[in-house]
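Structure first, commentary second.
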2 protein chains.
Amino acid sequence: MNSTLVNRALKHAEALCRRRGVRLTEQRKIVLRLLCVSDKPISAYELLDRMRGVVKNPAPPTVYRALDFLLEQGLVHKLESLHAYVGCTHPDHPHASQFLICDDCGEVTEVEDAGLAKSLKTAGKAIGFRTKRPIVEVLGTCAQCNAKRDE
Amino acid sequence: MNSTLVNRALKHAEALCRRRGVRLTEQRKIVLRLLCVSDKPISAYELLDRMRGVVKNPAPPTVYRALDFLLEQGLVHKLESLHAYVGCTHPDHPHASQFLICDDCGEVTEVEDAGLAKSLKTAGKAIGFRTKRPIVEVLGTCAQCNAKRDE
DNA sequence: ACCTCGGATGTTATATTGTTACATTGGCAA
DNA sequence: TTGCCAATGTAACAATATAACATCCGAGGT
């Protein structure tokens with residue numbers, strides 16, 4: 001994400017937190033910015049490293065607490081299959097996302113296919129299952145890497 | 001899974017491995033049996049504990065190697081969101097599974113919705129993404145736990 | 001039967017990810 | 001101001017997973 005978009009995303013996050021009456025503190029904002037700036041997912045300990053220099057003595061709880069908050073607010077997502085985190089590309093509204101994860105270049109694309117989310121939910125409902133959090137992470141190779149390989 | 005079904009599953013796995021020319025060794029069979037016997041997912045270290053007494057001095061690589069093999073052969077699945085493993089309930093054919101995970105009782109239901117898998121794949125294809133492994137894990141509460149709570 | 005080669009296992013250590021527990025700080029409201 | 005609760009600091013530790021290298025064992029060729 002370029003710096004203009006990052007600033008916009010941060011402004012947006014601030015407004016959203018203000019509306020909700022929760023505090024987007026400095027540390028939380030730092031973590032959010034780090035995730036937004038990167039176009040690839042970042043692990044908790046990688047975030048920890050990148051916080052040094054900005055924060056005095058960051059320890060694991062520092063970053064995990066910030067991540068917990070941001071996840072709760074829907075501002076970032078966790079990629080379970082990578083043990084890594086990404087900034088949410090459209091935090092405007094609560095939503096169930098799906099992720100396309102390129103295992104070649106590592107790039108992650110967040111898509112929001114409401115139809116897919118709905119049919120998942122419906123499939124569960126059919127056997128009495130009440131859906132809370134649907135996790136969809138598709139591992140494969142992105143268009144760019146496919147093109148490269150096919151040259 | 002009851003013992004009759006477990007034995008059937010093991011026989012099946014043996015036949016399948018023989019056909020493929022790979023070796024379902026004793027340790028691998030032990031891990032597979034442990035997973036089949038349980039109706040809940042088991043973590044690698046829990047498997048390690050349960051192997052003591054059956055295997056002499058099992059170490060982490062012991063169980064991870066067995067799991068790697070079984071995963072490759074499609075005989076077990078990994079639940080990324082739980083860091084745990086389950087025996088595959090229909091290993092007859094390669095397939096993309098989805099899992100319904102009850103975060104109350106811990107029970108996991110494997111479903112195989114080919115339509116869902118296909119629409120995932122198609123959605124990726126639309127943007128040039130080549131799907132290898134689609135991960136679908138739906139967190140929520142199962143019918144039984146919902147009933148209990150609504151009493 | 002013997003050899004040999006590669007896959008499977010043994011063993012030790014270490015890397016990576018995430019949590020617990022308790023002390024301290026800091027903002028906000030009565 | 002005071003009191004409270006959320007947020008942060010700090011140290012230790014738990015849980016998950018892998019690396020690296022030695023050894024064993026079994027199928028296939030001779």
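In what follows, chains carry the letters A, B, and so on, assigned in the order in which the sequence lines appear, proteins first and then strands, with residues in each chain numbered from 1.
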Minimum side-chain heavy-atom gap A:Phe129-B:Asn146 below 4.5 Å: no
Close side-chain approach of B:Asn57 and B:Arg52, heavy atoms under 4.5 Å: no
Phosphate OP1/OP2 of D:dA15: any B:His83 side-chain N/O under 4.0 Å: no
A:Ser43 side-chain N/O to C:dT16 phosphate OP1/OP2 under 4.0 Å: no
[X] has an atom [atom1]; how far is it from atom [atom2] of [N], in whole Å?
| X | N | atom1 | atom2 | value |
| --- | --- | --- | --- | --- |
| A:Ile30 | D:dA7 | CD1 | C1' | 14 Å |
| A:Arg52 | D:dT10 | CZ | P | 13 Å |
| B:Met51 | C:dG10 | CE | P | 8 Å |
| B:Leu48 | C:dT11 | CG | C1' | 13 Å |
| A:Lys29 | D:dT8 | NZ | P | 12 Å |
| B:Leu82 | D:dA15 | CG | P | 16 Å |
| B:Leu24 | D:dA27 | CG | P | 14 Å |
| A:Arg20 | D:dA6 | CZ | C1' | 18 Å |

Aromatic plane relationship, B:His83 with A:His83 - under 30° parallel, 30 to 60° tilted, over 60° perpendicular: parallel
Distance-only donor-acceptor test, A:Tyr45 side-chain atoms vs C:dA15 base atoms, 3.5 Å: no
Any donor-acceptor N/O pair, B:Ser38 side chain to B:Leu35 backbone, under 3.5 Å: no
Close approaches to DNA chain C from residues 54-79 of chain A, in residue order (heavy atom, under 4.0 Å): A:Pro60, A:Pro61, A:Tyr64, A:Arg65, A:Lys78
Comparing A:Glu26 and B:Glu46 on DNA chain D - which has the more 5′ nearest nucleotide: A:Glu26
Short N-O contact, [X] and [Y], less than 4.0 angstrom:
| X | Y | result |
| --- | --- | --- |
| B:Lys29 | B:Glu14 | yes |
| B:Arg50 | B:Glu46 | yes |
| A:Asp104 | A:Arg149 | yes |

Linked hydrophobic residues, A:Ile101 as query - side chain contacts closer than 4.5 Å: A:Leu79, A:Leu82, A:Val86, A:Phe99, A:Val108, A:Leu139, B:Ile135
Exceeds 12 heavy-atom contacts within 6.0 angstrom, atom CD of A:Glu112: yes
Contact state string [nucleotides 25-30 of chain C, B base, S sugar-phosphate only, - no protein heavy atom under 4.0 Å]: --S---
